[in-house]
Amino acid sequence: MVVPELKAWRAARPHVVRVARSVRPQLVRAVEAVKPPLVRAVGAVKPLVTRPSTVQFTAGSATLGLVVAATVVTAAGPWDSTGQRTAEREWAASQGRAGGADHGHVSGTSGKAPAPAPSAASVLTGLGGSVGAGPSPTEKALADVLGPLLDNAALGTERTAAVVDLATGKRLYGKGADDALTPASTTKIATAVAALTAAGADHRIATRTVLEPDSEKVVLVGGGDPTLTARKDAQGNASLRTLADRTARALKDRKTDEVTLSYDTSLYEGPDVHPIGLDNTNVARVTALMADEGRLDDTSSGTAKRTEEPAADAAKEFADLLKDRGIKTADPVPAKATDRAKSLAAVKSPPLSALVERMLTNSDNDIAEALARQTAVAAGEPASFKGGGTAIRKQLKKLGLPLKGAEFADGSGLDRADKLTADLLTALLAKAADPAHPELRAALTGLPVAGFTGTLSTRYAGQPGTGLVRAKTGTLTGVHTLAGTVVDTDGHLLAFAFLTASDPPTEPTATQKGLDALSSTLATCGCN
């Protein structure tokens, strides 16, 4: 039996392929990659009460078509040929009429497969259609619906807000939008835009080995790649094992099977311990050399115990890998490579755009601090906490963004000395959506999807914003923030930022639900 969504795919596939070919050849492969999940889509998630309109999903796809046009979305990852996360299409499919077959749980989504799952009409019919044709939301209409929600006592004693139409860049609503508050992890949006501006979306971070002249001295040189991995399955990241393979091969070509090994972390300057201290599970020492973010377990995101010496441990792991490949070496020691050292081998990180997406989706503090330093290196500033903050400001100023009151003490938002405004956060998102800046698209595509991915995977339960809101969360004791994008019922793509603070702290779950309600209201409000 051919299920309806497979028929829909077959009917629409030729048009999708033509669109993909006209944008970038490798996106044709992405179409094939997304076909099986579409067939299984209807079993992906539990049906919700609220059914978003067709124009909302159409508008979401069309807007993220900017990402495709910018050629920064690749065939890897949970993306379809329009640049939309496949989980969103799966959720859209599940909103059709009931009565279909149970296709089982779809890997990579947060829902549990219902039985039986609903059947769905095609979710591809909107390709090429016009969206957002109606009038933009008005300030008064937005104030009428957002005002009461912002007065919710659960949000605490301070709260600011801004809403911007991404098609025009015009601010539609503001409440204390120019007041700087502690942004927590929404700081990562600023870090993302600054890093992409300074170094470029295609930049890759190299970890390399060099041989000092007239010696058997090998130096492992850290380039600042926090995603370097020593695990057998590198999952697309730069592999310490691959670097050992290449280094051993290069040494054997030189008839060398015994070396001394040192490691170089001199790219970074200043203190390597974040101001929150070393005894924490949120971020490792910020060093130019580490493997698997210094994690002492097999996790790749979230909190985890960290090694106290990530650089030394990575070098020791590398020494063991060399020994396994027939190269004898003693325990490594720190040393700076000289300018005369000859290159032996290198491995490179995924492109910066992929690192930005991973940072935003998982709120990865280690990647955020690394990207702040990469921004500093590219901008000619010291690669330190202070230099990173200076470099971020310099790049955002270059983009003409509103920086009044903004302070950048780190790249992750863990430092309470960070200060941002709702106006700046929405301006950052608007700049990332600007067709003139395709290099910034990852700052949008990396945002978690409400109810599906990253730090929003367990939020928005029963909220109409599920699958429609993409947003970066921010959480510190007494601080809760949310900034991202949403498509309203008229197909307008809006950027929003809500920042709250309270002393004494509010109850976190209630505050987060209040923020989710604000963004969900934007999804259900034409407000014009």
Side-chain angles (χ1 to χ4, degrees), residues 150 154-162 176-177 179-195 274-277 280-283 286 301-303 356 358-369 371-372 385 388-389 392-393 396 403 405-429 443 446-448 450 454-459 469-485 495-516 518-519:
L150 284 167
L155 296 181
T157 54
E158 296 182 87
R159 68 287 303 269
T160 66
D179 298 337
L181 295 181
T182 300
S185 278
T186 51
T187 299
K188 292 181 176 73
I189 298 174
T191 301
V193 170
H274 192 280
I276 65 171
N280 76 90
T281 59
N282 291 291
V283 64
V286 185
S301 64
T303 57
V356 162
R358 176 171 164 181
M359 172 188 71
L360 293 173
T361 299
N362 296 328
S363 199
D364 193 302
N365 298 308
D366 298 281
I367 295 178
E369 296 303 343
L371 292 185
F385 282 108
I392 290 171
R393 173 176 285 276
L396 301 189
L403 294 171
E407 298 290 341
F408 303 98
D410 65 2
S412 63
L414 289 172
D415 196 323
R416 290 177 179 271
D418 292 319
K419 300 294 179 185
L420 297 183
T421 65
D423 193 26
L424 175 56
L425 284 168
T426 50
L428 285 161
L429 295 166
L447 294 173
T455 54
L456 287 185
S457 61
T458 59
R459 287 174 60 167
V469 172
R470 296 170 178 265
K472 181 71 201 75
T473 58
T475 306
L476 295 171
T477 301
V479 173
H480 296 275
T481 61
L482 191 69
T485 65
F496 64 84
F498 304 115
L499 292 85
T500 72
S502 188
D503 187 13
T506 54
E507 198 284 312
T509 300
T511 305
Q512 290 170 5
K513 286 183 177 179
L515 293 174
D516 297 348
L518 282 161
S519 53

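FYI, side chains are in, hydrogens and waters are out, and symmetry mates aren't considered; it's all heavy atoms of this structure. This one's a predicted model, so the numbers in the text were calculated from it and none came from an experiment.
When all heavy atoms of Ala443 and Leu360 are compared, the closest pair comes out as O-CD1, 3.6 Å. Residue Ser412 comes nearest to Ala368 through the heavy atom pair CA-CB, 3.7 Å, listed as atom of the first residue, atom of the second, then distance. Taking each heavy atom of Asn282 and Asn280 in turn, the nearest pair found is N-OD1, 2.7 Å. Taking each heavy atom of Leu476 and Arg416 in turn, the nearest pair found is CB-NH2, 3.8 Å. Between Ala497 and Leu425, the shortest heavy-atom distance links the atoms CB-CB, 3.8 Å. The minimum heavy-atom distance linking Ala471 with Leu447 is given by the pair N-CB, 3.9 Å.
Side-chain atoms of Asn362 never come within 3.5 Å of backbone atoms of Met359 as a donor-acceptor pair (strictly under, hydrogens ignored). Side chain of Glu369 to main chain of Gly411: a donor-acceptor pair is present (N/O by atom type, distance under 3.5 Å, no hydrogens or angles). At distances below 3.5 Å, not a single donor-acceptor pair connects side-chain atoms of Asp423 with backbone N or O atoms of Ala177. Listed for the Ser502 side chain is a donor-acceptor partner under 3.5 Å among the backbone atoms of Pro504. The backbone N or O of Val283 sits nowhere less than 3.5 Å from a side-chain atom of Asp366 that would complete a donor-acceptor pair.
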Leu420/Phe408 under side-chain contact (heavy atoms from CB on, under 4.5 Å): CA gap, chis, key distance, verdict: CA-CA 8 Å; Leu420 297 183; Phe408 303 98; 3.4 Å; yes
Test side-chain contact (heavy atoms from CB on, under 4.5 Å) applied to Thr500 and Val479, step by step: CA-CA 6 Å; Thr500 72; Val479 173; over 6 Å; no
CA sep, side-chain torsions, deciding dist, call: His274, Asp410, side-chain hydrogen bond (donor to acceptor under 3.5 Å, both in side chains): CA-CA 8 Å; His274 192 280; Asp410 65 2; 2.7 Å; yes
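Remark: Lys472 NZ to Leu428 CG distance equals 13.5 Å, nearest 0.5 Å. If you take CG on Leu396 and OG1 on Thr191, they are separated by 8.5 Å, rounding to the nearest 0.5 Å. Atom-to-atom distance recorded for Arg470:CZ and Thr361:OG1 is 9.0 Å, nearest 0.5 angstrom. Taken from CD in Gln512 to CG in Leu456, the straight-line distance is 9.5 Å, to the nearest 0.5 Å. Note: Ile392 CD1 to Thr187 OG1 = 8.5 Å, rounded to the nearest 0.5 Å. Rounded to the nearest 0.5 Å, atoms CZ (Arg358) and CG (Leu371) are 11.0 Å apart.
Side-chain contact between Thr481 and Thr473: absent, with no pair of heavy atoms (C-beta onward) separated by less than 4.5 Å. Contact check for Glu158 versus Leu499: no side-chain heavy atoms found under the 4.5 Å cut-off. Counting only heavy atoms from C-beta outward, the side chains of Arg459 and Leu482 approach each other to under 4.5 Å. Side-chain contact between Phe496 and Leu429 is absent, with no heavy atoms from C-beta onward closer than 4.5 Å. Taking the side chain as every heavy atom from C-beta outward, His480 and Thr475 approach each other to under 4.5 Å. Side-chain contact between Ile276 and Asp415 is absent, with no heavy-atom pair separated by less than 4.5 Å. The closest side-chain heavy-atom distance from Thr157 to Asp503 is not below 4.5 Å.
Between the side chains of Thr455 and Ser363, no donor-acceptor pair is found at a separation under 3.5 Å.
In this structure, the side-chain hydrogen bond (donor to acceptor under 3.5 Å, both in side chains) partners of Thr506, at least two apart in sequence or on a different chain, are Thr511.
Heavy atoms of other residues, nucleotides or ligands lying less than 6.0 angstrom from NZ of Lys419 number more than 12.
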